Amino acid sequence: NCVLDLKRIGRPYEGDGGEVKGLPTHPWVESAEGGLDVYAWTTNQELVRTKSSANVAGPPPEVTGMDDLPAPHREVVRALFLGAGTVALEKLQGGFSGALVVKAKPADGSSVVVKLDTSPEDIKTETRNMELYAKDLGGNAPRLLRHAVHEEAAGLVIELCGAAWTLPGLRVKQRIRTFKDLFEAHDTQAIPVLHNVFGTILPHLTLKKPVGRVDGTGSLAQAYALEHVFAKHVFEREKTVRKILAKWDNKHDRAAFERSIALDIDARHRPAGMHEGESVEAFFVRAAPAVLAHGAAWAKGVVHGDLNGANILIDDEGISWVIDFAKTGDGPALMDLVKLENTILFEYTADVAAHLDGAVAMTRALASVASVRDAPTFQPPDALRPTWTAVQQLHGYFARYAGAKNDGSGGVEDVAQLHMARLAFALRTLSFREIDAGQRMWALVAAVQHTLALIGGDARPRDATKPATALATTMGAN
């Protein structure tokens, strides 16, 4: 059952014309004769049960909103809401993997969340994983109502416990936003959301049991599939980029992405650990064997597996939910922290090209810590201060997720587990078509910095006195 403590909402509800669990009445929710049974809603009884089970049989509905929704996705929506009459859609977020998350409002006035994906197998996997893991997160994870599979797409309907916008009769329109939305809008709520996710929600998943310790040559590189990552995003980069270009969606700068085939770092930001005249590809050819064979000790636990900012939802009352469990399972316990850090750095930080010196200095500071307990030191320029603040907040949880006790002792302290994770995610970012030239350059420099930290090289710039080469001639410009 989806049990909600009304005090979490911050506003009381009026139901059946009277008080609810001792809270005073409030005009925020309209009460009608016959009453809106808020208690039934909060305990997932008659109100929600009726609305979540009624639309499972009957003719396909008319789908409105989101005129650009691909035909296979539209057919999945129709299958998910048989008998609903009409279903109005509103986009919440779209991920890089082809997944799309929307708010759906059937004709009966209820509201639910629908996830659509071009991979039916991913939807099937997520359905299984939700049954295995989502219950550990209680009301901060969605409840699966139903799913449907089409030849070219699939989808599932989920319910967010305590989401005020699901209540009919609201006089105040409630929004549901992603962490990505909050961060990019410089919303002050973004940092408290990080504390809620890593301080309150995910410990029920990753820290439910004591984290394990894994030792062994190459085991951490295998956990992050680094051999595959090197091949796809560096050594066979042209093949990877050409494959993406073949399915271009015309929403991004095609020419700039095509220019990114040539990985290069300008003289001003080139780390000293790279040999004189050494290309980026030659550097990774030289460094990859040592990285893949690295014997780092690492903390192991159950992880979300794809914790980017689009998979954290927040409503106007400050309630957070973690969604998308397609990749949840055993893995490096620091994976979710580093994955979200990576997206904040190289995807959500804007105007990087204008502040690349400061950006490169920031990731050099991250690559310089000696232990997962160490706090990196850096004085960010004003333009990068929100990014640095968020990164600091995440860094404050590394020791805990590496298995440290409440007093800070114990756990797996090996900092190589941070470098390996940051390297893997930064290299993957190089092939994102959604990022611009400055973000791509920053991710590339960071990948080299963390590689040097793993193999014992110098991550400082080789020559910071020369003017920076125009990014448009190296990584392409969006």
Side-chain angles (χ1 to χ4, degrees), residues 96-97 119 121-122 125 212-244 260-265 271 273-275 278-301 303-308 326-339 341-343 345-346 363 366-367 412 414-433 435 440 443-457 459:
F96 297 159
S97 63
S119 170
E121 283 305 312
D122 283 352
T125 300
R213 179 188 176 97
V214 180
D215 296 280
T217 300
S219 63
L220 185 55
Q222 291 173 12
Y224 284 107
L226 258 175
E227 185 172 6
H228 170 74
V229 171
F230 278 132
K232 181 176 181 179
H233 303 288
V234 181
F235 307 139
E236 300 174 11
R237 178 162 182 78
E238 182 170 4
K239 177 181 177 181
T240 299
V241 172
R242 297 292 181 198
K243 185 175 180 180
I244 296 172
S260 77
I261 290 175
L263 296 177
D264 194 14
I265 300 175
M274 296 180 67
H275 294 167
E278 185 177 43
S279 69
V280 170
E281 182 175 355
F283 166 77
F284 282 116
V285 167
R286 171 169 64 89
V291 172
L292 295 174
H294 201 289
W298 52 284
K300 181 179 180 180
V303 294
H304 177 276
D306 189 21
L307 197 69
N308 60 73
K327 297 182 180 179
T328 302
D330 289 341
L334 300 183
M335 175 185 285
D336 293 337
L337 283 157
V338 178
K339 167 71 174 179
E341 176 191 84
N342 185 86
T343 59
L345 291 171
F346 311 128
T363 46
L366 296 178
V412 184
D414 195 336
V415 73
Q417 60 189 319
L418 282 182
H419 299 314
M420 197 79 73
R422 286 166 168 161
L423 167 61
F425 287 125
L427 288 178
R428 288 186 172 99
T429 305
L430 297 179
S431 299
F432 289 172
R433 57 189 173 185
I435 65 174
R440 189 171 283 112
L444 178 59
V445 174
V448 173
Q449 289 171 331
H450 289 290
T451 300
L452 290 169
L454 284 167
I455 66 175

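Everything numeric in this text was worked out from a predicted model, so none of it was measured.
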Q: Hey, could you give me the CG/CG distance between L444 and L263, rounded to the nearest 0.5 Å?
A: 5.5 Å
(Q) Parallel, tilted or perpendicular: which one describes the rings of F425 and Y224, with boundaries at 30° and 60°? (A) perpendicular
Q: For the pair R237 (side chain) and S260 (backbone), establish whether a donor and an acceptor sit closer than 3.5 Å, ignoring hydrogens and angles.
A: yes
Q) Rounded to the nearest 0.5 Å, what separation is found between the NZ atom of K232 and the CG atom of L430? A) 12.0 Å
**Q.** Closest contact, heavy atoms only, A326 versus D122
**A.** CB-O, 3.9 Å
Q: Side-chain contact test, heavy atoms from C-beta onward, threshold under 4.5 Å: evaluate it for V291 versus M420 and give yes or no.
A: yes
Q. Can you check whether F235 and F284 have ring centres sitting under 6.0 Å from each other?
A. no
(Q) Please give me the minimum heavy-atom distance between W298 and G331, naming the atom from each residue. (A) CZ3-C, 4.0 Å
**Q.** Flag, side chain of D336 to backbone of H304, donor-acceptor distance under 3.5 Å
**A.** yes
Q: Could you tell me whether the side chain of T343 and the main chain of N308 form a donor-acceptor pair under 3.5 Å?
A: no
**Q.** Within-4.5 Å side-chain heavy-atom neighbours: I261 and R242
**A.** yes
Q | D414 side chain to A296 backbone, donor-acceptor under 3.5 Å | A | no
Q: Over all heavy atoms of both residues, which pair between A426 and A443 is shortest? Give the atoms and the distance, please.
A: CB-O, 3.6 Å
(Q) For the CD1 atom of I455 and the NE2 atom of H419, what is their distance to the nearest 0.5 Å? (A) 12.0 Å
Q. What are the two closest heavy atoms between L423 and A447, and how far apart are they?
A. CD1-O, 3.4 Å
Q | Shortest non-hydrogen contact from Q449 toward P271 | A | CG-CG, 4.5 Å
(Q) Once rounded to the nearest 0.5 Å, what's the spacing between atom CG of L307 and atom CD of E341? (A) 12.5 Å
Q: Would you confirm whether E278, through its side chain, and R286, through its main-chain N or O, come within 3.5 Å as a donor-acceptor pair?
A: no
Q: Please tell me if the side chains of L220 and V214 come closer than 4.5 Å, counting only heavy atoms from C-beta onward.
A: no
Q.
For a quick test of reading the model, state the closest non-hydrogen atom pair linking T429 to F346 and the distance between them.
A. CG2-CB, 3.9 Å
Q) So, E227 side chain and L292 main chain: donor-acceptor pair closer than 3.5 Å or not? A) no
Q | Side-chain donor or acceptor of R422 paired with backbone N/O of L366 under 3.5 Å | A | yes
(Q) Working to the nearest 0.5 angstrom, can you tell me the gap between T240 OG1 and H233 NE2? (A) 6.5 Å
Q | Rounded distance (nearest 0.5 Å) linking atom NZ of K327 with atom CE of M335 | A | 9.5 Å
